[in-house]
Amino acid sequence: FQGLQMAQEGTVTIEGVVHNALHEAGAISDDNAGDRKKIKWSSASRTDKGVHAVACVCSTKLAIDRDIDARIAKFGEVPQSILDNWNSRLPEDIRVLSAIRWGKNTKAHDRCNLREYEYLLPESALSGKSA
């Protein structure tokens, strides 16, 4: 993948793959597909090409069936059957682990209160000697 954040056409990113899976599953309408502003897509963090993340929190506006929406309102989480549907459309190395309902204008980036980074470097990078 070429990073997390959706980018120009033809660039394969994590967000782009997730967006396409949600669109294919009917959670993003044809009218809103491909437009980050219309679906209010937001990520709590981002990665560049060659950088890995264990997890990332994203928020977006989804089209959900009224019966399922009522169940989400009652229990707070998206049913596992919906997550399974979304995950069946994703490659094995990308998973939607959970989904909850947030306020109408809530953005993942604004709600993040911690980002933790761990860097792994070869010893030669720290010693100043070339490998």
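Note that the coordinates shown come from a computational prediction; the quantities given were computed from them, not determined experimentally.
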*For W86 against A21, the heavy-atom pair lying closest together*: O-CB, 4.2 Å
*Can you name the nearest heavy-atom pair linking L83 to S98, along with the distance?*
CD1-CA, 3.9 Å
*Set of side-chain hydrogen bond (donor to acceptor under 3.5 Å, both in side chains) partners for H23, sequence neighbours left out*: D30
_Pairing residues for N85 by the side-chain hydrogen bond (donor to acceptor under 3.5 Å, both in side chains) criterion, not counting sequence neighbours_ = R89
_Less than 4.5 Å apart, side chain to side chain, heavy atoms only: is that true for C58 and V18?_
no
*Sub-4.5 Å side-chain heavy-atom contact between I100 and V78*: no
*Contacts of type salt bridge (Lys or Arg N to Asp or Glu O under 4.0 Å), residue E118, not counting sequence neighbours*: none
Taking atom [atom1] of [X] and atom [atom2] of [Y], what is their separation to the nearest 0.5 Å?
| X | Y | atom1 | atom2 | value |
| --- | --- | --- | --- | --- |
| L22 | I82 | CG | CD1 | 11.0 Å |
| L121 | L126 | CG | CG | 5.5 Å |
| D35 | H19 | CG | NE2 | 8.0 Å |
| I39 | S59 | CD1 | OG | 9.5 Å |
| N20 | L90 | CG | CG | 9.5 Å |

_Single-linkage hydrophobic cluster, 4.5 Å side-chain cutoff, V12 and I28 together_ = yes
